[in-house]
Number of protein chains: 2
Amino acid sequence: MRASDRAYATLLDEIQSGALAPGTVLGEVEQSTRLGVSRTPLREALGRLAADGLVVQQSPRVTVVSDLDAGDIRELFEVRRALEETAARLAAARADAATFAAIADEFAKANLSGAEGLDAYYALIARFDAMLDASVDNDYLIAALRTIRTHLVRVRRLARDNPDRLAASVAEHRVIASAIAARDAELAAHATHVHLHNALTSILTSLEGSHTEQGAA
Amino acid sequence: MRASDRAYATLLDEIQSGALAPGTVLGEVEQSTRLGVSRTPLREALGRLAADGLVVQQSPRVTVVSDLDAGDIRELFEVRRALEETAARLAAARADAATFAAIADEFAKANLSGAEGLDAYYALIARFDAMLDASVDNDYLIAALRTIRTHLVRVRRLARDNPDRLAASVAEHRVIASAIAARDAELAAHATHVHLHNALTSILTSLEGSHTEQGAA
DNA sequence: TCTTCAGCTAGTGTATACACAAATCCGCGC
DNA sequence: GCGCGGATTTGTGTATACACTAGCTGAAGA
């Protein structure tokens with residue numbers, strides 16, 4: 001594995017997990033020393049993070065971890081709705097019905113009790129997303145969605161899901177998967193709309209309730 | 001201006017204009033020599049082009065200018081529809097009505113005769129896009145749109161617009177601008193849908209008619 | 001005391017040298 | 001003559017040295 005890939009993966013994980021908080025200054029010498037790579041691959045990693053929007057060049061001399069406030073989350077979901085509704089429509093037209101019927105069944109049977117249930121939930125969602133990507137068969141759409149998902153990992157970290165929301169989310173995914181299996185593009189798109197609306201509402205409510213140390217705008 | 005920016009700008013222009021045809025191998029030493037920069041900034045430029053999707057790493061040793069066939073154009077327009085319909089909806093909700101009423105008027109009065117008419121058309125479209133971006137006020141959406149537009153420059157190059165299509169396109173833009181000015185989000189979105197459908201149809205027809213030396217799939 | 005300028009410092013931008021990996025070509029063996 | 005293996009070559013991955021710029025600090029003059 002290349003040094004620049006390692007640096008990128010490490011920094012990505014640290015930003016997504018919050019270990020590197022928004023506003024943290026990322027000096028090239030400092031970070032390259034810390035990560036054990038030289039400045040050249042580190043610069044490449046920073047460039048990729050900047051392309052993703054996870055870091056920004058605050059001034060010509062200082063790169064910082066980008067901020068992510070409630071406004072950003074709303075913006076993110078506006079784009080996400082556009083892309084995922086389109087993905088749902090395309091999948092309904094193109095996907096293998098049996099495959100989505102099968103995963104709809106998995107959503108129906110999903111058990112979310114305990115911490116391992118949460119992991120299982122995220123794993124199931126990830127598999128569903130991967131199936132959707134494969135079905136839409138559109139590199140440009142997938143690339144755009146990947147960028148959005150990269151940011152959403154941070155959002156998830158900020159707003160802890162509550163159990164009720166998780167159960168509802170699974171049910172919503174089941175509807176989407178069923179609609180795709182039934183080749184009902186409109187239903188798939190509208191179910192996605194509803195799902196994302198509920199997810200956003202839940203996240204924003206969660207943020208409202210816990211803005212104890214959240215930075216002021 | 002940084003050497004990496006110059007290299008990026010030059011390569012971008014050459015790829016968009018077709019001077020660097022799809023499939024052209026971009027060796028680091030070769031290109032850095034040609035552009036008069038060293039390998040380090042050139043690598044950064046190649047990295048940004050790869051992030052844009054304009055070049056791809058065909059193998060671990062060879063970077064080539066990415067191809068763009070009719071299938072890509074369809075994919076591109078699927079994403080474009082998703083993003084621009086959303087942008088139109090958001091603009092209808094947020095934009096300054098007077099500004100869009102004014103540009104709708106410009107579309108109504110646009111004169112497209114001659115080659116300078118074509119330039120005026122593209123300039124007007126560019127201004128409209130910029131106004132839309134400013135109105136939607138969503139960095140993530142704008143970033144996604146920017147990527148798509150980067151590819152669309154190449155599409156335009158492949159498929160020469162005919163005068164009839166240009167006139168129709170102006171009329172369609174007038175409808176969209178008017179809808180935004182009237183705060184009619186649904187009309188703006190649907191007019192955008194129709195516009196992009198027509199644009200895609202025209203492009204694909206143009207490609208059909210002139211696939212003399214277009215590579216076979 | 002405040003302002004301004006000069007020099008220093010820290011950190012990025014760029015160039016280049018070195019290391020490594022893959023592909024190709026030539027020679028040898030079968 | 002054909003195939004296989006090793007050496008050479010070419011090109012990327014990484015490290016590091018050098019250059020330049022911006023920002024800061026200090027002192028000196030008004």
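Convention: sequence-line order gives letters A, B, ...; per-chain numbering from 1. Atom set for the values below is all heavy atoms of this structure, side chains included, hydrogens, waters and symmetry mates excluded.
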- [ ] Decide yes or no, distance alone: a donor-acceptor N/O pair under 3.5 angstrom between the base of C:dA23 and the side-chain of B:Arg61.
- [x] no
TODO: Using atom CZ of B:Arg6 as one end and atom C1' of C:dG13 as the other, report the distance to the nearest whole Å.
DONE: 11 Å
- [ ] Take the protein atom CD of A:Gln31 and the nucleotide atom C1' of C:dG11, then report the distance between them rounded to whole Å.
- [x]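 That distance rounds to 14 Å.
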Open item on the list: For a quick check of understanding: with a heavy-atom distance under 4.0 Å over all strands, which category does B:Ser59 fall into, base, sugar-phosphate or nothing?
Closed with: nothing
- [ ] Tell me which of A:Pro60 and A:Ser38 sits closer to the 5' end of DNA chain D, going by the nucleotide each one is nearest to.
- [x]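 Its nearest nucleotide being more 5', the pick is A:Ser38.
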Are [X] and [Y] side-chain neighbours, meaning at least one heavy-atom pair lies under 4.5 Å?
X	Y	value
A:Leu132	A:Ile180	yes
B:Leu124	B:Arg127	yes
B:Leu35	B:Leu11	yes
B:Arg154	B:Pro22	yes
B:Phe107	B:Ile125	yes

Task: Residue pairs fulfilling salt bridge (Lys or Arg N to Asp or Glu O under 4.0 Å) with at least one residue in residues 93-102 of chain A, sequence neighbours excluded - done: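 Only A:Arg94-B:Glu78 qualify under salt bridge (Lys or Arg N to Asp or Glu O under 4.0 Å).
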Task: Nearest-nucleotide comparison on DNA chain C, the residue closer to the 5′ end among A:Val62 and A:Thr40 - done: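 By nearest-heavy-atom nucleotide position, the 5'-most residue is A:Val62.
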Task: DNA chain D: 5'-most and 3'-most nucleotides touching chain B, 4.0 angstrom heavy-atom criterion - done: D:dT10 to D:dT14
